[in-house]
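Single-structure report; data block below.
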Amino acid sequence: MAITAAMVKELRERTGAGMMDCKKALAETNGDMKAAIDYLREKGIAKAEKKAGRIAAEGAVTAYLSADAKAGAIVEINCETDFAAGNEQFRALSAKIAKHIAETNPVDLDALNASTLDGKEVAALITEATATIGEKISLRRFARYEGAGRVATYIHMGGKIGVLVELSGGDEQLGKDIAMQIAAAAPIAVDRSGVTADDIEHEKEVLRKQALEEGKPEKIVEKMVEGRINKFYEEVCLLEQKFVKDPEQKVSAVLGSVGVKRFTRFQLGEGIEKKQEDFAAEVAAQMQ
């Protein structure tokens, strides 16, 4: 029986297995979808299907930097528990994928999942890791920079926060210092031009309400807001922040003539709603 792309797609959706694994399973079972699912389960490849609904909010942000510091990448790969995040296989896979991103420059997550690493699709490697580690593993997001200046990375607390930054120049220490600054102070933009109008308006609205709560007359509230918004810029703009290693200096002074072109800061699990476990309820449900 001829194996069609539609059949492979359906099997992938039903099992979470990689494209090549699905194609092989269908070939081995002569196109029988049910038998192909059993085949993948028997091989341990479709075990991930049972874990697809779980929430993976732990894991690690992992970085890779080329030897010449011209290219680098960070990637967030999630799992369900800290225990799994410390698993040697999980750590090795994360490091391998970070290097793969830096070297191959995939355009997006779909391209990364479909790319080949060690003779298999990255998506298949993730599925296999889910099966062998025993928890849902998910490839969430990544960033990659390459430039003529210097790229720097920083990983904090074993992967809880990861930073990737591109500078116009500078040495290794400067790159590390700026990456650490971003990790610690969490700026949202390099300078004022990078702060969105929505962010500014939101902050002004908060400041207006604060001023009114303080009992300030409405006629002077706007002037107070304009004055206080400068403090907001000092907190969220990298170049205006106080340097964490020497608060007497601003980051712009530390950089000197070196420019910051862009940066990405990932905080592990941010934006993922973590499941709140109720152990007593779980035991009661199992007893019933």
Side-chain angles (χ1 to χ4, degrees), residues 12 16-21 48 56-80 84-133 135-168 172 175-176 178-180 182-183 186 190 260-272:
R12 286 192 68 181
M19 182 180 71
M20 296 308 296
D21 287 322
E58 300 298 334
V61 181
T62 306
Y64 175 82
L65 186 65
S66 64
D68 61 2
K70 301 296 183 185
I74 56 172
V75 60
E76 179 181 348
I77 301 180
N78 300 121
C79 56
E80 296 175 56
N87 178 283
E88 185 176 337
Q89 180 187 354
F90 180 88
R91 291 286 178 174
L93 178 62
S94 297
K96 189 176 292 186
I97 291 176
K99 182 179 180 182
H100 178 66
I101 292 167
E103 293 179 344
T104 62
N105 192 21
V107 295
D108 54 25
L109 272 177
D110 287 339
L112 174 57
N113 276 309
S115 64
T116 302
L117 175 58
D118 290 346
K120 297 181 179 180
E121 285 187 345
V122 169
L125 294 176
I126 295 292
T127 300
E128 288 177 5
T130 296
T132 57
I133 293 174
E135 289 191 6
K136 179 182 177 182
I137 310 296
S138 59
L139 180 54
R140 187 183 185 200
R141 52 183 175 170
F142 71 89
R144 179 191 183 274
Y145 294 162
E146 183 173 6
R150 172 174 292 277
V151 175
T153 65
Y154 177 70
I155 298 296
H156 184 62
M157 293 179 63
K160 298 297 184 183
I161 296 174
V163 172
L164 182 67
V165 58
E166 182 185 352
L167 307 177
S168 63
E172 182 180 355
K176 182 179 179 180
I178 298 305
M180 289 177 64
I182 295 165
V190 174
V260 178
K261 293 191 172 184
R262 50 184 172 167
F263 69 83
T264 296
R265 180 185 186 274
F266 288 162
Q267 185 159 333
L268 179 66
E270 60 188 345
I272 299 176

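Excluded from the calculations below are hydrogen atoms, water molecules and symmetry mates; all remaining heavy atoms, backbone and side chain alike, are included.
- Closest approach of Asp21 to Ala124, counting heavy atoms only: OD2-CB, 3.9 Å.
- Distance CD/Glu103 to CZ/Arg144: 9.5 Å, rounded to 0.5 Å.
- Distance alone, capped at 3.5 Å, is enough to place a donor-acceptor pair between the Thr130 side chain and the Ile137 backbone.
- Rounded to the nearest 0.5 Å, atoms CD1 (Ile272) and CG (Asn78) are 4.0 Å apart.
- Not one N or O on the side chain of Glu58 forms a donor-acceptor pair closer than 3.5 Å with the backbone of Ala85.
- The distance from the CG atom of Asp108 to the CZ atom of Arg141 is 16.0 Å, given to the nearest 0.5 Å.
- Using a 4.5 Å cut-off on side-chain heavy atoms (C-beta onward), Glu121 and Thr127 make no contact.
- Put simply, CG on Asn113 and CD1 on Ile126 are 7.0 Å apart, with the number rounded to the nearest 0.5 Å.
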Identify each donor-acceptor pair in which a side-chain atom of residues 153-160 lies under 3.5 Å from a protein atom, sequence neighbours left out, and give them as a table.
residue : atom : partner : partner atom : Å
Tyr154  : OH   : His156  : ND1          : 3.2
Lys160  : NZ   : Asp82   : OD1          : 3.2

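- Not a single donor-acceptor pair under 3.5 Å links the side chain of Arg140 to the backbone N or O of Glu76.
- Counting heavy atoms from C-beta on, the side chains of Arg12 and Met19 come closer than 4.5 Å.
- Taking 4.5 Å as the limit, every side-chain heavy atom of Ile74 sits out of range of all side-chain heavy atoms of Ile101.
- For the residue pair Ala98 and Ala63, the shortest heavy atom distance occurs at CB-C, 4.1 Å.
- Contact check for Glu135 versus Asn87: no side-chain heavy atoms found under the 4.5 Å cut-off.
- Interatomic distance, CD1 of Ile77 versus CD1 of Ile97, reported as 4.0 Å (0.5 Å rounding).
- The backbone N or O of Ala148 lies less than 3.5 Å from a partner atom in the side chain of Lys70, making a donor-acceptor pair.
- Between Leu164 and Leu65, every side-chain heavy-atom pair lies at or beyond the 4.5 Å cut-off.
- Side chain of Arg265 to main chain of Val163: no donor-acceptor pair is present (N/O by atom type, distance under 3.5 Å, no hydrogens or angles).
- Between Leu268 and Ala60, the shortest heavy-atom distance links the atoms CD1-N, 3.6 Å.
- Side chain of Tyr145 to backbone of Val165: no donor-acceptor contact under 3.5 angstrom is found.
- Around the CD atom of Glu270, the shell of radius 6.0 Å holds more than 12 heavy atoms that belong to other residues, nucleotides or ligands.
- Taking every heavy atom of both residues into account, Ser94 and Val75 meet most closely at O-CG1, 4.1 Å.
- Closest of all the heavy-atom pairs between Gly86 and Arg91 is CA-NE, 4.2 Å.
- With values rounded to the nearest 0.5 angstrom, Lys96 atom NZ is found 13.5 Å from Thr62 atom OG1.
- More than 12 heavy atoms of other shown residues, nucleotides or ligands fall within 6.0 angstrom of atom CD in Gln89.
- Here the side chains of Glu146 and Asn105 are not in contact, with every heavy-atom distance at 4.5 Å or above.
- Between Arg262 and Glu166 there is a salt bridge, since a side-chain N of the basic residue sits under 4.0 Å from a carboxylate O of the acidic one.
- For the residue pair Phe90 and Gly59, the shortest heavy atom distance occurs at CZ-CA, 3.8 Å.
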